[in-house]
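Here the structure is a predicted model, which is why all the values come from computation and not from measurement.
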Amino acid sequence: EMRNKILDLSKGKTVLNAFCYSGAFSVYALKGGALKVDSLDISKEAIGLAKENVALNGFSNKENEFIAEDVFTFLREKPLDYDIVILDPPAFAKTRKDVDAACRGYKDINRLAFSKVKKGAILLTCSCSYHVNTDLFQQVIFQAALEAKKKVRIIGRHELAKDHPISIYHPEGDYLKSLLLYVS
């Protein structure tokens, strides 16, 4: 469902897909009419998958960049002249003891993005860490916006996809969360 939201928002936009892995958000942005999509991941193998998936879906790899670099370094060192920025990292908290470090990581990437995106940008920020619940995740994102001195509005929240139901007998399956934010 979040990929479909990116598809709906991407027409005529420039997009950064950070932690792109196989490039699913990149493909949806291109299908939605994005002018350019930069796919960023520390893993060269992931960048290879993203390039392959973009090509398999009929889009050119020539106008779109594929960047094998640490996302934290990229966010610190590069400008973010994008209309849409997607932050969809792997789980930062695999166990309960990882929660503090995970929250620092989420706050860092979001604060960096908030401080550098242009006015009117859209930021999709995601977490797949079960041990960082929805309320805590939102609190961390709000703190990041406050530290970046940016006004941020929630324009969408994670919606479960039909292919990702949650069993009432396995609450750990409810780990996906995301906020779609307008930065002014």
May I ask you to test the [X]-[Y] pair for a side-chain heavy-atom distance under 4.5 Å?
X      : Y      : result
Val140 : Asn110 : no
Leu124 : Leu87  : no
Arg76  : Leu112 : yes
Asn57  : Leu30  : no
Ile141 : Phe114 : yes

Taking only residues two or more places apart in sequence or in another chain, which ones pass side chain to side chain donor-acceptor pair (under 3.5 Å) with Ser10?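 Ser10: no side chain to side chain donor-acceptor pair (under 3.5 Å) contacts found.
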
List in chain and number order the residues that pass side chain to side chain donor-acceptor pair (under 3.5 Å) with Lys177, two or more places apart in sequence or in another chain; answer none if no residue qualifies.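 None.
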
Salt bridge (charged side-chain N to carboxylate O under 4.0 Å, His left out): which pairs involve residues 109-120, sequence neighbours left out?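 Residue pairs with at least one partner in residues 109-120: Asp83-Lys118, Asp108-Arg111, Arg111-Glu147.
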
For residues 38-64, which residue pairs pass the salt bridge (charged side-chain N to carboxylate O under 4.0 Å, His left out) check, not counting sequence neighbours?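 Output for this query lists Lys36-Asp38.
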
Just by distance, with hydrogens left out, do Tyr106 and Thr125 show a side-chain donor and acceptor under 3.5 Å apart?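 Looking only at side-chain atoms, Thr125 and Tyr106 do not form any donor-acceptor pair under 3.5 Å.
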
Nearest 0.5 Å, please: how far is OG in Ser43 from CG in Leu49?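 With rounding to 0.5 Å, CG (Leu49) is 7.5 Å from OG (Ser43).
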
Point-to-point distance, once rounded to the nearest 0.5 Å, from NE2 of His158 to CG of Leu176: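 Reported value, rounded in 0.5 Å steps: 4.5 Å.
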
For residues 130-138, run the donor-acceptor check on the side chains, cut-off 3.5 Å, and write out each pair with its distance to 0.1 Å, sequence neighbours left out.
residue: Asn133; atom: OD1; partner: Asp135; partner atom: N; Å: 3.1
residue: Asn133; atom: OD1; partner: Leu136; partner atom: N; Å: 2.7
residue: Gln138; atom: OE1; partner: Arg157; partner atom: NH1; Å: 2.6

Any residue meeting side chain to side chain contact (heavy atoms under 4.5 Å, CB included) with Phe74, in chain and number order, not counting sequence neighbours: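 Phe74 satisfies side chain to side chain contact (heavy atoms under 4.5 Å, CB included) with Leu16, Leu40, Ile67, Glu69, Lys78, Leu80, Tyr82 only.
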
What pairs with Ile155 under side chain to side chain contact (heavy atoms under 4.5 Å, CB included), at least two apart in sequence or on another chain?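 For Ile155, the residues satisfying side chain to side chain contact (heavy atoms under 4.5 Å, CB included) (neighbours in sequence not counted) are Ile122, Leu180, Tyr182.
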
Enumerate donor-acceptor pairs with a distance under 3.5 Å from any side-chain N or O in residues 17-24 to protein atoms, sequence neighbours excluded.
residue: Asn17; atom: ND2; partner: Ser26; partner atom: OG; Å: 2.9

Sequence neighbours excluded and cut-off under 3.5 Å, please list the side-chain donor-acceptor pairs for residues 88-97, or say none.
residue: Thr95; atom: OG1; partner: Asp98; partner atom: OD2; Å: 3.1

Which pairs of donor and acceptor atoms, one on a side chain in residues 165-174, lie under 3.5 Å apart (sequence neighbours left out)?
residue: Ser167; atom: OG; partner: Tyr169; partner atom: N; Å: 3.1
residue: His170; atom: ND1; partner: Glu172; partner atom: OE1; Å: 3.4

Could you check whether His164 and Tyr175 have their ring centres less than 6.0 Å apart?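 Yes - the distance between ring centres of Tyr175 and His164 falls below the 6.0 Å cut-off.
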
Who else is in Tyr28's hydrophobic cluster (ILVMFWY, side-chain heavy atoms under 4.5 Å, direct or via others)?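 Leu7, which link up through side-chain heavy atoms under 4.5 Å apart, make up the rest of the cluster.
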
